[in-house]
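Below: the structure, in structure tokens.
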Amino acid sequence: MNHLSRRTLLVGGLGLATTGALAGCSVTTPPTPGTPSPVVLPTPTAATPTAGQRVTTATLTPAARTYDLGGVTASSWGYSDQLGQPLFRATAGDLVRVTVDNRLPESTSVHWHGVRLANAADGVPGITQQPIEPGQQYRYEFTAPDPGTYFFHPHSGVQIDRGLYAPLIIDDPREPGAYDAEWIVVLDDWTDGVGKSPDDILAAFKAQHGTVSSGMNPGGMMGSGGMGGMGHGSMGSPLGDAGDIDYPHYLINGRASTAPATFSGKPGQRVRMRFVNAAADTIFRVALGGHLFTITHTDGYPTKPTQARSFYIAMGERYDVTVTLADGVFPLVARPEGKNGTAWAIVKTGSGTTPTPGVLVPELDNPLDSRQLSADTSALLPNREPDAVVDVQLNGQMQPYAWGINGKVFGQDTPITVKAGQRVRLRMSNMTMMSHPMHLHGHTWGLPSNGGLRKDTVLVMPMQTVTADLQADNPGVWMYHCHNIYHAELGMMTTLRYN
Ligand SMILES: [Cu+2]
């Protein structure tokens with residue numbers, strides 16, 4: 001999606017329909033010709049709208065699709081013929097009803113990343129549902145309680161490293177709307193259909209899978225091109241090793257650097273930019289040449305407005321910023337940390353020379369990370385001392401490639417068990433030389449060291465400890481894992497559970 005005004009987004013089709021509770025209907029993607037009629041599964045998450053509750057419906061059709069990344073054609077899997085679409089948009093309090101019609105050759109699932117939904121709709125096969133098998137339909141139903149910028153993706157293997165992701169925007173019915181336009185900017189790292197497939201990369205990692213030790217270990221880097229491209233400078237980056245894989249392409253809104261997306265605006269316009277990092281293994285630093293960002297939200301929740309020339313965004317994180325557009329043509333750059341290449345787009349408000357991908361963007365120096373943010377008072381968890389403190393160690397290393405939590409891989413892990421109603425303090429200590437974006441489903445932490453900043457995905461840097469408080473008010477079995485999908489699949493996952 002290129003430039004779309006807020007109004008265009010609100011009324012635009014994009015496979016989404018909002019209706020009254022009694023008149024629900026959905027806009028479906030036409031079925032792929034030649035495929036059999038799907039089996040419709042019962043809906044374990046069926047919910048009845050409460051009086052006056054709006055119902056927002058959509059159908060997602062994960063299928064094999066071909067994408068033009070900009071002169072580069074990639075056969076992959078996605079939800080739409082437009083990579084990184086369809087945008088799903090609802091209003092806080094809506095009952096969301098999404099039918100997933102699986103046309104993939106393998107089973108799938110959809111996880112609604114960051115949404116504080118009922119556990120049964122969380123989209124984790126083997127934990128909250130059966131996998132959606134090829135040819136089956138599955139319906140997710142949940143109330144989306146909190147406004148913000150989210151996204152959705154499978155929780156099945158390394159499918160997120162294909163084209164299976166799209167933004168999920170929950171609008172605030174009381175949105176102050178102090179902006180003139182809105183741009184959604186989705187970042188990704190890309191190899192599928194042009195380099196090694198995500199499954200091949202995972203298999204190569206597994207082939208050298210070792211034992212997770214619970215001590216400190218050095219990191220390293222693996223290239224996806226030949227699995228041998230070692231050694232990128234992590235020197236000087238506070239993130240240490242930020243990712244393991246050199247991707248052939250880095251994308252903004254589905255476009256490689258050869259044919260960047262263009263955002264068109266007017267000088268003086270105030271734009272809200274909603275950034276989503278849908279990458280599997282890449283942390284980006286983001287800047288808009290010649291401009292200053294005001295960060296207003298992270299992971300959906302408002303922050304104290306904070307100015308930044310650039311910022312880090314890890315896998316699974318979201319940042320909303322506002323920017324006042326200058327007059328001219330500017331590069332919007334997302335540079336993969338510790339890797340070669342760049343994702344970029346063009347912001348055009350007037351005449352000027354179109355920049356090139358190699359353009360120097362001084363704003364990229366010294367980026368902000370979430371440790372420099374604090375919560376807006378409207379976003380604070382009620383002030384309360386923790387009832388329980390849980391210490392979590394993040395372990396692993398590159399050689400042999402192994403990642404785990406508390407010295408265990410997922411499957412051999414000991415779940416984190418808490419009690420309903422507790423205020424739980426997680427202390428996550430990273431014993432490795434890599435950065436791990438740790439994500440908890442169904443909850444949003446408050447970070448006491450950041451004035452209570454709300455996050456559902458927090459980057460834990462090498463040898464650092466992050467303290468994160470949660471209110472146990474959403475019972476179920478909730479995944480807690482690294483959002484580097486290869487780390488997660490190799491074992492860096494566990495669950496937090498209570499009834
Ligand atoms: Cu990790």
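Position 1 is the first residue of the sequence; numbering continues from there. We count ligands from 1, going down the list as the structure has it; atoms in each ligand are counted the same way.
Checked for salt-bridge contact, Asp81 and Arg65 meet the test: a charged N lies under 4.0 Å from a carboxylate O.
No other N/O/S atom of His436 lies as close to the Cu ion (ligand 1) as ND1 does. Nearest to the Cu ion (ligand 1), among the N, O or S atoms that His487 has, is ND1.
Remark: Lys196 is not positioned above the aromatic ring of Phe205, lacking an NZ or CZ atom under 6.0 angstrom from the ring centre and at most 45 degrees off the axis.
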Inset, instruction - Dump the intermediate steps for salt bridge (charged side-chain N to carboxylate O under 4.0 Å, His left out) on Asp320 and Arg274, then the final yes or no. - result: CA-CA 4 Å; Asp320 291 19; Arg274 297 176 182 262; 3.6 Å; yes
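The Cu ion (ligand 1) has an N, O or S atom of Cys482 inside 2.8 Å of it.
One side chain, Gln464 or Arg371, offers a donor N or O that lies under 3.5 Å from an acceptor on the other.
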